[in-house]
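Single-structure report; data block below.
Not measured: the values here are computed from a predicted model. Each chain gets a letter, A, B and so on, in the order the sequences are listed, and its residues count up from 1.
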Amino acid sequence: MSNLKVRTRFAPSPTGYMHIGNLRTALFTYLIAKKNNGDFILRIEDTDQERFVDGATEVIYQTLRDCGLNWDEGPDIGGPVGPYVQSERMGIFKQYAEELVQKGEAYYCFCDKERLDEARKIQQASGMTPAYDRHCRNLSKEEIAQKLAAGTPYVIRQRVPETGTTTFHDELYGDISVENAVLDDQILLKTDGMPTYNFANVVDDHLMGITHVVRGNEYLSSAPKYNLLYQSFGWEVPIYIHVEHIMRDATHKLSKRDGDAYFGDFVKKGYLIPAILNYIALLGWAPKGEQEIFSLEELINEFDISGLAKSPAIFDEVKLRAINGEYIRKMPLEQFTEIATPYIKQTVSRTDVDYSVISACLQNRTEMLTDIPEQVDFIDALPEYDTALYCHKKMKTNEENSLDSLKAVLPVLEALDNWTAEGIHEALFALIAELEVKNGLILWPVRVAVSGKQFTPGGGIEICEIIGKDESIARIKKGIELLTK
RNA sequence: GGCCCGUUGGUCAAGGGGUUAAGACGGCGCCCUUUCACGGCGCAAUCAUGGGUUCAAUUCCCGUACGGGUCACCA
């Protein structure tokens, strides 16, 4: 590779929210730059005025920032090769398109849409591959001058060679060759003076000194035409890296329809941003070793294009959940308490409880923050429950001996002043020793009585601590009452 | 349909002419344990297919099937 500084670019068009696949492309693009101490550039491709969505640019900025994919040059911060918004570069494209016309590598085309549509229909009807019929390819100088003078709308088209083959190189796929005969004389400059993506990306990538072009696989089949363009200009072709799509299942791409194709959807669902980033990095890319939890910093070190896959990857939310759970578990308790508290408050309105203690119980049992409310819904008030909950085979408990246990526990807890986990633990285990019974025979009924649930975050002792002495005793009395009949 | 690309367990995937074909998630089982989790241990499960080449193909070549991409004055 050359000794030039690596420069990569993420070039989204502001047409809506940030698709998760798009974000992954941005991630890979960023990683390739940073891995090589290079620059990551943000360019906004807004040449389609009809599809432009208000506010979409802000979403792009915000998403990239939230993910820590900070750009070195871009519309908002400028840079040496700006502007970084394509619509602000109009004049540049026209100038380069005309240069190609001068060189005979492109030509003016005055065909209107109706003629094109009709021609396409005929081609399709006769089973031909639709392509421009090159009606204007060989117009005389006079004809062109005349139409231009008359103000006839025109586009500028690429003059693709009629014979031979074009080969381009992709870092992943190797050399790919196609017959020039199957290439269309694509439009470079539109009637409105805007460049097409096909033209703009070539001109801008060159002008901005982009060394590695990372983009979705859908551009693989137009890459030969871009190569031809580079050749026409006499420019050096960048290194291409085409990445495969993220799929919903074997035959469908992850799309807006699924309702979970956008980055924002996952954040809303309670996934942690570093976990999302970590997971999508693993889709279509495999690290060298066996580690799979990576911070952005670690990804920069670990990343290598040789680990990129050539086949599509199916998005697996179950795995995302698992990774999210890992991030939650390794978080310092203080931080977890902070992010968990709003979720706890969804079902807990008591103010005399310690959120930090609740969070400590919750942390190992939470894969997604949205799992939390349901787990703590017994804290405010004891739910209605069936006394069958007292029966547990392994604990050897049933309704009768649970009643005995609760009756034994009640005075012990009533007499207890040190209402902490340690204090309760000490008191109950002293009772267990005194009665010479198994732990479960006492502890299981306590847990059921104070929670009314089959599964709880933490055991009976922790729950007693959380809900407090008065409430614990009231619930145990309630248990005794329910079991007495 | 033409052209281009791809295909290793349910999913993400490593590997690559001779391997017991990694690992992770999920599943199942066991252990730990006052429930559930966490943690630990273990089990089941994969080279799409047919031909070559070769002493030897999951790996290389060709075909087939299947899947994806593309064929716009969208990007």
Is there a Watson-Crick or G-U wobble partner for [N] with both distances under 3.5 Å, and which nucleotide is it?
N	value
G23(B)	C12(B)
U58(B)	none
G6(B)	C66(B)
G1(B)	C71(B)
U35(B)	none
C41(B)	G29(B)

Provide the distance between the two [atom1] atoms, one in [N] and one in [M], to the nearest whole Å.
N	M	atom1	value
U64(B)	U54(B)	P	23 Å
A48(B)	C12(B)	P	14 Å
C4(B)	C55(B)	P	33 Å
U19(B)	G29(B)	C1'	28 Å
A56(B)	G17(B)	C1'	7 Å
U46(B)	U7(B)	C1'	12 Å
A37(B)	C28(B)	P	10 Å
C61(B)	C5(B)	P	12 Å

Check for me whether the distance between the ring centres of [X] and [Y] falls short of 6.0 Å.
X	Y	answer
Tyr219(A)	Tyr197(A)	yes
Trp71(A)	Phe10(A)	no
Tyr230(A)	Phe168(A)	no

N or O in side chain of [X] less than 4.0 angstrom from [N] OP1/OP2:
X	N	value
Lys190(A)	A75(B)	yes
Arg329(A)	G39(B)	yes
Asn364(A)	A37(B)	no

Heavy atoms under 4.0 Å, any strand shown: does [X] hit a base, just sugar-phosphate, or nothing?
X	result
Phe315(A)	nothing
Ile187(A)	base
Asn198(A)	base
Gly460(A)	base
Gly289(A)	nothing
Ile461(A)	base
Thr456(A)	base
Cys361(A)	nothing
Met395(A)	sugar-phosphate
Asp184(A)	nothing
Val318(A)	sugar-phosphate
Arg321(A)	nothing
Lys394(A)	base
Thr47(A)	sugar-phosphate

Heavy atoms from C-beta onward define the side chain here; which of [options] lies closest to that of [X]?
X	options	answer
Asn217(A)	G69(B), A13(B), G6(B)	G69(B)
Glu290(A)	C25(B), G6(B), G23(B)	G23(B)
Glu462(A)	A75(B), U7(B), U34(B)	U34(B)
Leu220(A)	A75(B), C5(B), U35(B)	C5(B)
Glu367(A)	A13(B), G69(B), G26(B)	G26(B)
Asp316(A)	G39(B), A75(B), G10(B)	G10(B)
Trp444(A)	C73(B), C71(B), U34(B)	U34(B)
Thr191(A)	C73(B), U35(B), G69(B)	C73(B)
Ile176(A)	C5(B), G10(B), C3(B)	C5(B)
Lys319(A)	A24(B), G6(B), A13(B)	A24(B)

Separation of [N] [atom2] from [X] [atom1] (nearest whole Å):
X	N	atom1	atom2	value
Leu308(A)	C5(B)	CG	P	18 Å
Gln454(A)	C36(B)	CD	P	9 Å
Lys310(A)	U8(B)	NZ	P	12 Å
Glu292(A)	A24(B)	CD	C1'	4 Å
Asn278(A)	C12(B)	CG	P	17 Å
Asp117(A)	C73(B)	CG	C1'	11 Å
Leu431(A)	U34(B)	CG	P	15 Å

Practice problem: Return yes if the base of C71(B) and the side-chain atoms of Thr129(A) contain a donor-acceptor N/O pair under 3.5 Å, otherwise no. | Solution: no
Quiz item: Hey, does the side-chain of Lys225(A) have a donor or acceptor N/O within less than 3.5 Å of a partner on the base of U70(B)?
Solution: no
Exercise. Let me know, please, whether Val155(A) or Asp175(A) comes out on the 5' side of the other along RNA chain B by nearest nucleotide.
Key: Asp175(A)
Exercise. Between Ser177(A) and Tyr197(A), just flag the one whose closest nucleotide in RNA chain B comes earlier from the 5' side.
Key: Ser177(A)
Do any N or O atoms from the side chain of [X] and from the backbone of [Y] form a donor-acceptor pair under 3.5 angstrom?
X	Y	value
Gln158(A)	Lys225(A)	yes
Arg159(A)	Arg137(A)	yes
Tyr279(A)	Glu317(A)	no
Asn198(A)	Ile187(A)	no
Asn180(A)	Glu162(A)	no
Asn301(A)	Glu298(A)	no

Exercise. Please indicate whether Gln124(A) has more than 12 foreign heavy atoms, meaning atoms of other residues, nucleotides or ligands, lying under 6.0 Å from its CD.
Key: yes
